[in-house]
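Structure below; questions to follow.
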Amino acid sequence: MTFALSITRNDNLTMFSNLKIGIIGGGQLGAMLIKYAIDFGLDVAVLDADPNAPCARYSSSFKLGNSLNYDDVVKFGKELDILTIEKEAVDVNALRYLRDKGVKVYPSPETIEIIQDKYLQKTHLRSFNIPVVTGWLVTDRKDLEQHVEKFPGILKKCTQGYDGKGVLKIQTVEEIKDVFEGPYVLEELVDIKKEISVIVSRNDSGLIECYDPVHMVFDKERMLLDFQICPADITEDQAIKVCAIAKQVAEAVDLVGIMAVEMFIATNGRIFVNELAPRPHNSGHHTIEAATTSQFEQQLRVILGLPMGSTKTTTPSVMMNIIEPVAHRKQAIMEALKTILCTSDVHLHWYGKKEGFEGRKMGHITVTDVVREEAISKSIMIKHLLKEGHE
Ligand code: ADP
């Protein structure tokens with residue numbers, strides 16, 4: 001399949017006018033990718049099962065279908081030149097079929113397959129000597145009873161967990177009856193000092209670019225992100241190490257595209273890779289306002305075969321998600337936003353989701369400031385205002 005740039009065409013001066021690009025998944029990450037695709041003059045098709053998905057109003061080729069259904073994915077992808085993802089819950093056999101038919105699939109089905117299963121991900125990374133938390137494969141609740149001597153531990157569903165759903169701290173044998181269905185990975189409990197994410201991009205020549213590490217500050221109760229701060233408050237040595245690990249991971253999974261590499265820095269200083277997302281990621285939202293090239297533009301550059309952009313941090317930033325139920329009291333939130341948006345260098349991204357449920361991400365705010373500590377103070381104030389808006 002050829003898709004040479006057609007800047008000399010008479011009828012249409014759009015650079016990529018002959019390219020058909022598709023995204024599997026129509027959530028906010030896809031919507032933000034589309035915004036950058038518009039800057040590149042691209043039309044993008046989207047596949048999602050929800051007719052009200054955020055992408056629906058941004059794509060003239062929005063198709064309804066289940067990303068985990070082979071036929072839906074093949075039907076969607078077979079007319080395309082390039083296919084990418086904004087979530088990893090995708091039928092990889094359909095992606096393989098499409099690739100065999102000549103569709104360029106980024107990241108590759110093999111990369112996605114490794115990442116879809118937390119146990120496979122762990123064993124794969126370990127085989128490349130990448131530090132991961134020790135974990136055991138556990139098939140079901142009965143099997144879990146054989147592992148009680150390893151408690152307390154962290155129990156994770158092998159597949160399809162996200163945003164802390166499918167992750168549980170388990171301490172006693174009595175808790176087993178209430179846990180979700182397996183198979184699981186049972187992990188050693190890490191005494192975490194900091195949670196770090198590194199966004200890394202790699203093109204199909206194997207070139208790698210790495211963004212500055214971000215510090216993800218979690219609400220431990222709800223296992224949800226509270227703040228994400230860039231640059232992370234870590235030593236230069238730690239920053240070099242986490243970036244080196246992120247690059248190693250990109251090579252180990254043969255990434256072509258963009259990926260978040262989430263890591264733990266333990267209280268004893270050890271670094272572990274926790275999980276991977278081979279697509280634009282929540283922990284890269286700040287790159288829109290606080291890096292030379294956003295993670296979304298970088299994803300497009302890679303899949304279009306263009307040079308990757310600079311990943312330089314342009315300003316310190318703090319990103320916070322706006323999550324249900326905070327988001328649902330529209331009137332109160334509107335009032336809070338009137339105050340929040342008076343603050344300098346505050347950027348609102350509202351996803352326009354029609355319905356919310358507890359824990360659902362409805363939007364995010366990125367705060368920038370030349371002084372990192374100022375950005376943090378502004379963010380704490382904003383968080384309070386959002387909470388007041390809720391009460
Ligand atoms: P998800 O895919 O749902 O985001 P994660 O694997 O990132 O799941 O786990 C969610 C959170 O649980 C992490 O951000 C971290 O705070 C905590 N966690 C995960 N694994 C461990 C572990 N082995 N030890 C201690 N805490 C953990």
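One-based numbering, in listed order, for ligands and for the atoms of each. Quantities reported herein were computed from a predicted structural model and do not represent experimental measurements.
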Checklist entry - Lys156 and Asn274: side-chain donor and acceptor closer than 3.5 Å? => result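 Short answer, yes.
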Output yes when Lys150 and Glu188 qualify as a salt bridge under the 4.0 Å nitrogen-oxygen rule, no when they do not.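 No, no charged N to carboxylate O under 4.0 Å.
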Here the gap from Phe40 atom CZ to Leu19 atom CG, rounded to the nearest 0.5 Å, amounts to 12.0 Å
Are Lys378 and Asp369 within salt-bridge range, i.e. N to O under 4.0 Å? yes
Under 3.5 Å, which donor-acceptor pairs link side chains of residues 253-268 to any protein atom two or more places apart or in another chain?
unit_1	atom_1	unit_2	atom_2	d
Asp254	OD1	Arg202	NH1	3.0
Glu262	OE2	His281	NE2	3.3
Thr267	OG1	Asp191	O	3.4
Thr267	OG1	Asp191	OD2	3.0
Asn268	OD1	Arg270	N	3.0

| message | With the threshold set at under 4.0 angstrom, would you say Phe272 reaches ligand 1 through any of its heavy atoms? | response | no
Any heavy atom of Val190 under 4.0 Å from ligand 1? The part involved is both
Those atoms of ligand 1 less than 4.0 Å from some heavy atom in Lys118: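 Ligand 1 atoms under the 4.0 Å threshold to Lys118: 1 (P), 2 (O), 6 (O), 8 (O).
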Give the contacting part of Lys156 toward ligand 1: side chain, backbone, both or neither, where contact means a heavy-atom distance below 4.0 Å.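 Looking at Lys156 and ligand 1, just side chain atoms fall under 4.0 Å.
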Within the 4.0 Å heavy-atom cut-off, what Lys169 brings close to ligand 1 is neither
Exactly one candidate in Lys122, Lys169, Lys157 meets salt bridge (Lys or Arg N to Asp or Glu O under 4.0 Å) with Glu187; the answer is Lys122
Under 4.0 Å from any heavy atom of Ile192, which atoms of ligand 1 are there?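 So the answer, numbered in order with elements, is 25 (C), 26 (N), 27 (C).
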* Asked: In ligand 1, which numbered atoms sit nearer than 4.0 Å to a non-hydrogen atom of Glu195?
  ->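 Contacts of ligand 1 toward Glu195, numbered from 1: 13 (C), 14 (O), 15 (C), 16 (O).
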One finds that the ligand 1 atoms under 4.0 Å from a non-hydrogen atom of Leu189 are 24 (N), 25 (C)
Under 3.5 Å, N or O to N or O, is Val167 touching ligand 1 that way?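 In fact, backbone or side chain, Val167 has no N or O that close.
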Would you indicate whether Asp43, at its atom CG, is surrounded by more than 12 heavy atoms from other residues, nucleotides or ligands within a distance under 6.0 Å?
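Not more than 12 within 6.0 Å, no.
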